[in-house]
**Q** 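One structure coming up, written as structure tokens, with questions to follow.
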Amino acid sequence: MKVETRIGGRAGNLKVEAASFRYEREDGAVAEGEFSLQTLEPGCVSVLIGGRSYRVTRGAAGEMMVNGQPVAAEVFDPRSLRSRKSGADRGGRHDICAPMPGKIVRVLVEAGDAVKAGQGLVVVEAMKMQNEMKSPKAGRVVEVRTKVDAAVSPGEVLMVVE
Amino acid sequence: MKVETRIGGRAGNLKVEAASFRYEREDGAVAEGEFSLQTLEPGCVSVLIGGRSYRVTRGAAGEMMVNGQPVAAEVFDPRSLRSRKSGADRGGRHDICAPMPGKIVRVLVEAGDAVKAGQGLVVVEAMKMQNEMKSPKAGRVVEVRTKVDAAVSPGEVLMVVE
Amino acid sequence: MFRTVLVSNRGEIAVRLIRGLKDLGIKSIAVYSDADRGSLAVSLADEAAYLGASPSSESYLRMDKILEAARRHGAEAIHPGYGFLSENAEFADACAAAGVVFIGPSGDAIRKMGSKIAARRLAIAAGAPVVPGTEQAVGDLAAAQRVARELGYPVLIKASAGGGGKGMREVAREEDLAAALRDAASESLRAFRSEEVYLEKLVVEPRHVEIQVLGDKFGHMIHLGERECSIQRRHQKVIEECPSPLMRQNPELRERMGEAAVKIAREAGYWNAGTMEFLVDRELNFYFLEMNTRLQVEHPVTELVTGLDLVEWQLRIAAGERLTIQQSDVEWTGSAIECRIYAEDPANGFLPSPGKITALKEPSGPGIRLDSGVYSGWTVPLDYDPLLAKLVAWGGSREMAMGRLDRALAEYSLAGIRTNIGFFREILADEEFREGRLSTAFLEGFFERSVSRETLGVEAEAAAAIVASLGEKKSEVADSTEISRWLAAGREQMLR
Amino acid sequence: MFRTVLVSNRGEIAVRLIRGLKDLGIKSIAVYSDADRGSLAVSLADEAAYLGASPSSESYLRMDKILEAARRHGAEAIHPGYGFLSENAEFADACAAAGVVFIGPSGDAIRKMGSKIAARRLAIAAGAPVVPGTEQAVGDLAAAQRVARELGYPVLIKASAGGGGKGMREVAREEDLAAALRDAASESLRAFRSEEVYLEKLVVEPRHVEIQVLGDKFGHMIHLGERECSIQRRHQKVIEECPSPLMRQNPELRERMGEAAVKIAREAGYWNAGTMEFLVDRELNFYFLEMNTRLQVEHPVTELVTGLDLVEWQLRIAAGERLTIQQSDVEWTGSAIECRIYAEDPANGFLPSPGKITALKEPSGPGIRLDSGVYSGWTVPLDYDPLLAKLVAWGGSREMAMGRLDRALAEYSLAGIRTNIGFFREILADEEFREGRLSTAFLEGFFERSVSRETLGVEAEAAAAIVASLGEKKSEVADSTEISRWLAAGREQMLR
């Protein structure tokens with residue numbers, strides 16, 4: 001089995017055959033050898049490599065914890081290599097996305113308003129923390145897709161600035 | 001829904017309709033009212049009855065823990081009421097059963113031996129604890145179904161004394 | 001002593017209070033909103049009363065419903081915890097009117113000390129030094145601009161009724177004042193139901209050191225020493241410890257600050273547990289900042305070092321018992337450090353991360369105390385504070401406390417949502433932290449120092465990759481089956 | 001100090017030792033058998049070495065494999081924990097020969113104190129009182145019968161190399177002697193690889209009180225006070241506490257017993273941690289019983305009350321550091337009580353109950369220390385001791401320690417196998433226990449007193465019945481679906 005990897009923000013690849021593996025990172029660093037796996041609880045696996053012990057827990061989506069240290073970890077089949085989404089910037093249009101699950105507590109602009117770079121656009125609140133989304137550039141609000149008291153999910157587009 | 005119950009060794013019955021229940025024990029004690037259920041972890045449920053809080057965990061087979069207190073709890077459909085096994089005593093034949101998962105460390109008698117009541121027959125060990133199974137009566141060993149070093153499960157018949 | 005006490009709070013502090021009641025054989029009544037029916041507090045309490053919908057304005061801030069629940073369940077007293085109604089004088093009065101004991105100071109004392117502006121005046125009357133600032137709530141923007149110019153920038157906006165960094169904003173330049181005022185007032189309104197804010201001179205890079213006081217209704221008042229709470233992010237405490245590393249070189253400072261704190265509390269006719277917050281500058285001048293007229297989040301560090309149970313004493317004092325401890329009885333042994341485990345994402349600006357906890361293994365063992373409000377399977381609601389748990393380590397020395405804390409953090413696995421658990425391990429590895437060179441600016445410096453943070457080793461990355469390759473997003477069943485298959489294949493060839 | 005240490009043990013003590021190593025920044029090496037590949041100890045250690053098949057004779061008792069693992073992983077020292085090779089002089093010698101430090105006393109001291117018979121002689125030489133009995137291993141049955149008649153029944157058979165109740169039998173009548181000797185010798189052979197047993201007069205209803213000693217390699221030796229371990233079942237300790245309730249009325253007894261213990265240890269040229277076990281009769285006479293030349297299972301109660309970390313001191317002393325604590329520095333604060341959580345079935349003669357733990361929520365919070373070796377999903381092997389975890393509560397008073405312990409036990413949910421968790425709550429409710437009237441006969445009396453044990457209330461039974469009716473033996477998925485359906489049905493009608 002061979003997969004492309006992206007661990008802690010760096011690309012690499014992993015080959016696994018029976019109880020042997022070879023992991024190579026884009027900077028040339030390599031780890032290889034025999035390994036032993038043991039599921040502890042669901043989502044928590046003990047990995048032994050050369051007698052060294054790693055407790056790997058699946059954290060939030062796309063994240064692992066290794067001995068308590070979180071690390072972004074993704075693998076993909078090389079034949080169906082996913083491209084990273086970059087919806088935030090498409091030909092001068094900027095999507096303003098909800099950064100976290102929460103509720104809209106204030107909408108500070110209307111469609112058609114001219115805005116300066118860094119100007120506040122909308123305030124999202126979750127867990128008693130208010131987060132003001134700011135305009136990434138000077139321009140104009142072309143669309144407002146949310147309203148006060150709306151519940152939002154992370155990544156949801158709230159407005160578009162052009 | 002109506003089921004027969006056996007809780008803490010006493011028979012009773014339970015009727016449930018939507019969020020109401022009525023539980024009556026063989027000694028006439030009754031609890032009834034509204035209840036609210038909430039699964040916490042798999043196997044662990046919070047039950048509120050009249051504002052009182054019960055944390056119920058499924059323990060070992062046939063056992064519940066209520067607020068940390070273990071209690072034997074079984075329910076059965078009244079139409080298919082199970083009869084309790086009493087395989088230990090069948091017309092003078094006594095099955096000598098393994099009381100726990102373990103290993104046979106000594107077999108002290110052979111088929112055909114005459115035994116006294118209380119005489120040691122076989123020694124089972126688990127978790128460093130040896131348990132000598134004794135004859136329930138004076139009689140004769142008619143069958144030995146195990147041998148030294150055998151792994152045994154709880155309830156497994158090791159010998160028969162007649 | 002009381003036989004039945006209602007806890008009008010939620011989360012980890014409700015659990016801590018319910019445990020404290022059980023320890024004394026007192027019946028505990030939890031309250032809950034829709035979001036909290038499945039909370040740990042409800043399942044641990046003897047009884048539980050439903051309050052209302054999830055927003056706190058419909059539940060944990062509803063005095064009428066809480067008092068009705070207390071009546072219905074026969075509670076003789078109410079412990080308000082921290083936040084919510086804990087520093088609300090009106091609630092303390094309403095309890096008294098309903099014949100239920102409010103476990104805390106009198107409504108009068110809350111009024112005197114609960115407003116930061118009133119507390120300042122009182123501290124000045126008691127002879128304690130204070131930070132320069134307004135004595136009254138600022139009115140409009142123009143008035144605020146005038147005051148800020150007088151004090152000189154940087155200034156700090158604070159909510160009069162506030163605490164825990166809510167409704168607080170640092171302002172370095174006049175052009176930022178308007179937005180900061182608006183945000184602070186709005187946050188304050190939501191959190192404390194009061195828009196009142198005031199201005200203060202910002203003391204640069206101070207330490208935040210607070211003193212725990214404890215007094216009975218007969219005028220006996222002592223202090224239980226300090227907690228250093230300098231490590232804050234956006235004025236929200238993150239790590240607290242006792243003793244303050246400052247006190248090692250300056251043992252007389254604890255005595256001086258303790259005396260000042262006791263004087264202020266006496267001046268206010270205060271009883272029960274309370275905390276005086278001070279800023280300490282580099283020359284070891286200390287300034288009274290405000291009083292928290294309730295139990296603090298970080299009270300466990302004081303409990304571990306003094307061996308006293310603050311909740312037990314709160315209950316005894318509220319029940320009219322005498323505080324039988326004299327100042328000279330109080331001893332501070334070893335060192336305790338607390339980490340506030342938040343549902344937040346350090347890799348993404350520490351944004352809140354509510355959601356379902358899918359797996360959890362909590363740390364334990366020598367020197368570890370965990371006050372947690374969560375369990376595996378619990379959905380952390382987005383309606384409340386992101387505090388999941390407090391992890392506290394005690395050791396005979398600060399070094400041992402740090403060692404144990406780091407070990408416990410490494411053991412702490414929590415999946416499904418993001419937390420700051422890993423972030424604490426980075427702080428514990430920081431030289432400035434280890435040396436005890438702390439200030440409220442600590443984290444800014446830390447973020448700069450740690451730009452090139454050490455990543456995992458290549459072999460640990462490989463371990464993560466191997467587990468990730470077992471099937472990201474697959475169900476647990478598929479996961480463990482696949483592992484079994486691999487294991488079976490690998491077992492014979494395995495080098496041992 | 002060492003940089004790398006191997007822990008040649010398993011279960012909760014391996015976890016406790018690995019934690020202790022991590023606390024000091026020392027690299028920890030676990031060892032494991034087939035049954036323990038998935039153990040908590042292996043997953044928490046920095047490194048792990050495979051020993052062999054599950055039976056301890058193939059793994060945890062294999063000196064050769066353990067020393068080879070130490071060599072391969074660069075361990076400078078080995079901590080043996082308790083049980084297994086911890087009191088094996090040959091192993092201590094083999095470590096020394098291999099250039100690895102054995103964390104414990106010298107092989108010579110183990111020889112002197114490890115054999116109960118040799119230790120008796122040494123105690124007599126040191127002027128300490130001992131229980132009447134044989135000075136040598138009994139030979140055949142005839143010899144044993146002769147000795148037993150001389151001492152007068154009841155007598156006690158004990159394994160010379162033993163501890164923890166293994167290879168021990170009480171004999172009340174001569175006709176039971178043969179069977180008891182056979183069982184004791186066989187159990188001793190399996191547990192300690194020695195068939196040697198001896199006889200002692202049985203002191204009736206004594207208290208079992210032991211003294212912790214600690215000494216360095218430079219001749220400095222102190223004691224850390226007592227642990228009362230009277231509550232035993234089949235000579236296996238079940239509950240331990242410090243201070244002994246005896247010491248409250250007799251504070252000078254601790255000093256006298258402590259002095260005797262230190263004298264015996266000095267006589268043996270002992271260093272590192274060790275424990276002198278004594279019987280105390282009703283007239284407060286104490287008799288030296290035996291020495292355990294290793295860390296005790298119940299060491300946490302001493303740690304909680306003295307604030308000292310015994311494992312840290314074991315490591316420091318083994319590394320050649322001086323013990324810097326003087327006898328007068330040692331203080332005993334508050335009260336600590338430990339429950340040994342066993343995989344056993346109290347409702348079925350306390351038979352072992354190995355198997356898979358399907359759900360686990362461990363207690364935590366103020367005053368609670370849990371040293372656990374298990375997790376949800378772990379299969380408790382049948383090859384080893386049934387000890388799952390040690391739950392220890394500390395409180396400012398014995399009453400508070402009991403309150404916290406009871407609360408923690410009530411929070412402890414463990415499903416899949418049977419344990420004695422509920423049994424401890426019954427003991428905590430017992431008047432004799434609460435009053436501190438303890439003896440090694442405590443449990444016999446307790447079982448008689450509690451014949452008509454209080455059952456759950458009828459409403460709690462109803463709660464159990466409701467949950468049971470959701471589908472006994474059904475999969476968890478079916479279970480929670482069914483609950484959801486009920487919830488949906490019930491929600492509208494619910495009285496709130």
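Lettering of chains follows the sequences in order, A, B, ..., and the numbering in each one begins at 1. None of the values given here were measured: they were computed from a predicted structure. Heavy-atom basis, side chains included; hydrogens, waters and symmetry copies ignored.
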**Q** Is the shortest distance from a Lys or Arg side-chain nitrogen in A/Arg22 or A/Glu24 to a carboxylate oxygen in the other one below 4.0 Å?
**A**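 Yes.
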**Q** Residues of residues 177-184 of chain C under 4.5 Å from chain A (heavy atom pairs)?
**A** C/Arg182, C/Asp183
**Q** Please state whether the side chain, the backbone, both or neither of C/Phe350 comes within less than 4.5 Å of a heavy atom of chain A.
**A**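 When you check distances to chain A, only backbone atoms of C/Phe350 fall under 4.5 Å.
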**Q** For A/Glu32, is it the side chain, the backbone, both, or neither that has a heavy atom closer than 4.5 Å to a heavy atom of chain C?
**A**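 Neither the backbone nor the side chain of A/Glu32 comes within 4.5 Å of chain C.
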**Q** Give, as side chain, backbone, both or neither, the part of A/Ile7 having an atom under 4.5 angstrom from any heavy atom of chain C.
**A**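 Looking at A/Ile7, backbone and side chain both touch chain C.
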**Q** Let me know if A/Arg55 has heavy atoms under 4.5 Å from chain C in its side chain, its backbone, both or neither.
**A** side chain
**Q** Are more than 12 heavy atoms from other residues, nucleotides or ligands located less than 6.0 Å from atom NZ of C/Lys356?
**A** no
**Q** Side chain from CB out, backbone as N, CA, C, O: work out which of these in C/Leu414 comes under 4.5 Å of a heavy atom of chain A, or both, or neither.
**A** backbone
**Q** Does the distance from a Lys or Arg side-chain N to an Asp or Glu carboxylate O, for A/Arg93 and A/Glu162, drop under 4.0 Å?
**A**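 Result for this pair is yes, salt bridge flagged.
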**Q** Using non-hydrogen atoms and a 4.5 Å limit, figure out which bit of C/Asp345 sits close to chain A: side chain, backbone, both or neither.
**A** neither
**Q** Would you mind checking which part of C/Ser353 comes under 4.5 Å of any heavy atom in chain A, side chain (CB onward), backbone (N, CA, C, O), both or neither?
**A**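 For C/Ser353, the backbone is the part near chain A, not the side chain.
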**Q** By a 4.5 Å heavy-atom criterion (distance strictly below it), what part of C/Ile417 contacts chain A: side chain, backbone, both, or neither?
**A** backbone
**Q** Taking C/Val467's backbone N and O only, do any of them form a donor-acceptor pair with A/Arg58's side chain (distance below 3.5 Å, no angle check)?
**A**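 A pair under 3.5 Å: yes.
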**Q** Taking only heavy atoms into account, what residues of residues 118-131 of chain A are found under 4.5 Å from chain C?
**A** A/Glu125, A/Ala126, A/Met127, A/Lys128, A/Met129, A/Gln130, A/Asn131
